[in-house]
Amino acid sequence: MSKIIAVTNQKGGVGKTTTAVNVAYFLARRKYKVLLVDFDPQGNATSSVGLDKESLKLTVVDALDESTDLAEIIQKTRFYELDIVPSTPALADAEPGLAKVDIGQRFVRLRHALADVAGDYDFVIIDSPPSLSLLTINALVAAKYVILPVQAEFFAMEGLTQLLNTIKLIRQNGLNPTLDILGVLPTMVGKNTLAKQVVEQIAKYFPGKIFNASVPRNVRVAEAPSFGLPVGAYDKRSKGGRAYDAVTKEIIERTR
Ligand SMILES: Nc1ncnc2c1ncn2[C@@H]1O[C@H](COP(=O)(O)OP(=O)(O)O)[C@@H](O)[C@H]1O
Ligand SMILES: [Mg+2]
């Protein structure tokens, strides 16, 4: 069965897209069939795997309004076993329309769109926008697991209570009763004492949920997207590349 994982945190710039792209890439390198769903209007995941956003004919928006099957929107990437559902800023324009959809449909559009194609993949990785929007809720409703990237900086925990409450509500009201936090991933971990303290604080706040691996702040990770490459393809031996490989291994173990 396909394992659907949403990468979520309503804060921007915490490493969601980087995590979604690199976990998807390293899963595919391990010969799993992977679908990366770019569910952020910024479309950064789309360009991070080498697609040209300007030339896209169909994007995730066309599945959200039910005009097109997701199967027609999926594109192959240059990476073996890694496919993508691309996104563009048009996704932001689609949100008000989604808010007007019947309440029984509003939260489940992405889940329904994925239902027909998920079976073709071992993993579906959903990148989500930096907000607690309808889009994020659609991602959380479609997923079985959530990964929470948390930037190892002061204010890291800010907003997490709100996100956890949203996850709780989604479980309780029957939208997605088995939604599970797969793990909390410290990202951009610097060598300073503060970063160490924040990681300890995260571990305390999420007992048993923090990944053993964490992602160091590493310039190769930041450079890779400008080449349309995940860091694993850009510089596999970099600290960032090795960290995401280790995180991916843990994800495989935790979803077994
Ligand atoms: N481990 C890292 N080391 C250095 N830069 C990073 C790292 N992770 C992410 N970045 C950079 O930080 C910025 C924000 O990351 P991103 O994944 O886009 O966050 P989000 O999707 O949560 O907004 C991007 O420019 C990205 O390249
Ligand atoms: Mg992002």
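Just so it is clear, the model here is predicted, and its values are computed rather than measured. For the numbers below, each heavy atom of this structure counts, side chains included, while hydrogens, waters and symmetry mates do not. All ligand and atom numbering here is 1-based and tracks the order in the structure.
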Task: Presence of N, O or S from Thr17 under 2.8 Å of the Mg ion (ligand 2) - done: yes
TODO: Check Pro130 against ligand 1 and report side chain, backbone, both or neither, counting heavy atoms closer than 4.0 Å.
DONE: neither
- [ ] Check whether any side-chain N or O of Arg220 sits under 3.5 Å from a backbone N or O of Asp235 as a donor-acceptor pair, and report yes or no.
- [x] no
Open item on the list: My question is simple, although I want it checked carefully: is atom 14 (C) of ligand 1 less than 4.0 angstrom from any protein heavy atom?
Closed with: yes
Task: Protein contact for atom 25 (O) of ligand 1 (heavy atom, distance under 4.0 Å) - done: no
For the residue pair [X] and [Y], establish whether any side-chain heavy-atom pair is separated by less than 4.5 Å.
{"X": "Leu169", "Y": "Leu175", "result": "no"}
{"X": "Leu64", "Y": "Leu135", "result": "yes"}
{"X": "Ile84", "Y": "Ile74", "result": "no"}

TODO: Considering only non-hydrogen protein atoms, determine which one is nearest to atom 11 (C) of ligand 1 and report residue, atom name and distance to 0.1 Å.
DONE: Ala222 CB, 4.5 Å
Open item on the list: Starting from atom 18 (O) of ligand 1, what is the nearest protein heavy atom, named by residue and atom, and what distance separates them?
Closed with: Thr17 CB, 4.0 Å
Tell me whether ligand 1 is touched by [X] - counting only heavy atoms on the residue side and a distance under 4.0 Å.
{"X": "Gly13", "value": "yes"}
{"X": "Pro149", "value": "no"}
{"X": "Val14", "value": "yes"}

Which atoms of ligand 1 sit under 4.0 Å from any heavy atom of [X]?
{"X": "Pro216", "value": "1 (N), 2 (C), 3 (N)"}
{"X": "Val221", "value": "1 (N), 2 (C), 3 (N), 7 (C), 8 (N)"}
{"X": "Gly15", "value": "15 (O), 16 (P), 17 (O), 19 (O), 20 (P), 22 (O)"}
{"X": "Arg217", "value": "3 (N)"}
{"X": "Asn218", "value": "2 (C), 3 (N), 4 (C)"}

Open item on the list: I'd like to check whether Asn44 has a polar contact with ligand 1, where a contact means an N/O of the residue lying under 3.5 Å from an N/O of the ligand.
Closed with: no
- [ ] Have a look at Gln10, Met188, Gln151 and point out the one with the heavy atom closest to atom 8 (N) of ligand 1.
- [x] Met188
- [ ] Using heavy-atom distances, let me know which of Thr18, Val21, Val215 sits nearest atom 17 (O) of ligand 1.
- [x] Thr18
- [ ] For atom NZ of Lys144, decide whether the heavy atoms of other residues, nucleotides or ligands shown that lie under 6.0 angstrom number more than 12.
- [x] yes
Task: Arg254 NZ/CZ over Phe211 ring centroid, <6.0 Å and within 45° of normal - done: yes
- [ ] Determine the interplanar angle of the Tyr25 and Phe79 rings, folded into 0 to 90°, and report it as parallel if under 30°, tilted if 30 to 60°, perpendicular if over 60°.
- [x] perpendicular
Task: Ionic contact status for Glu81 with Lys76, cut-off 4.0 Å - done: no
- [ ] Using a strict 4.0 Å threshold on nitrogen-to-oxygen distance, state whether Asp180 and Lys209 make a salt bridge.
- [x] yes
Open item on the list: Please identify which of these residues, Val231, Val7, Asp127, Val221, meets the side chain to side chain contact (heavy atoms under 4.5 Å, CB included) condition with Thr18.
Closed with: Val221
Open item on the list: Using the side chain to side chain contact (heavy atoms under 4.5 Å, CB included) definition, which of the options Leu36, Ile5, Val23 pairs with Phe123?
Closed with: Ile5
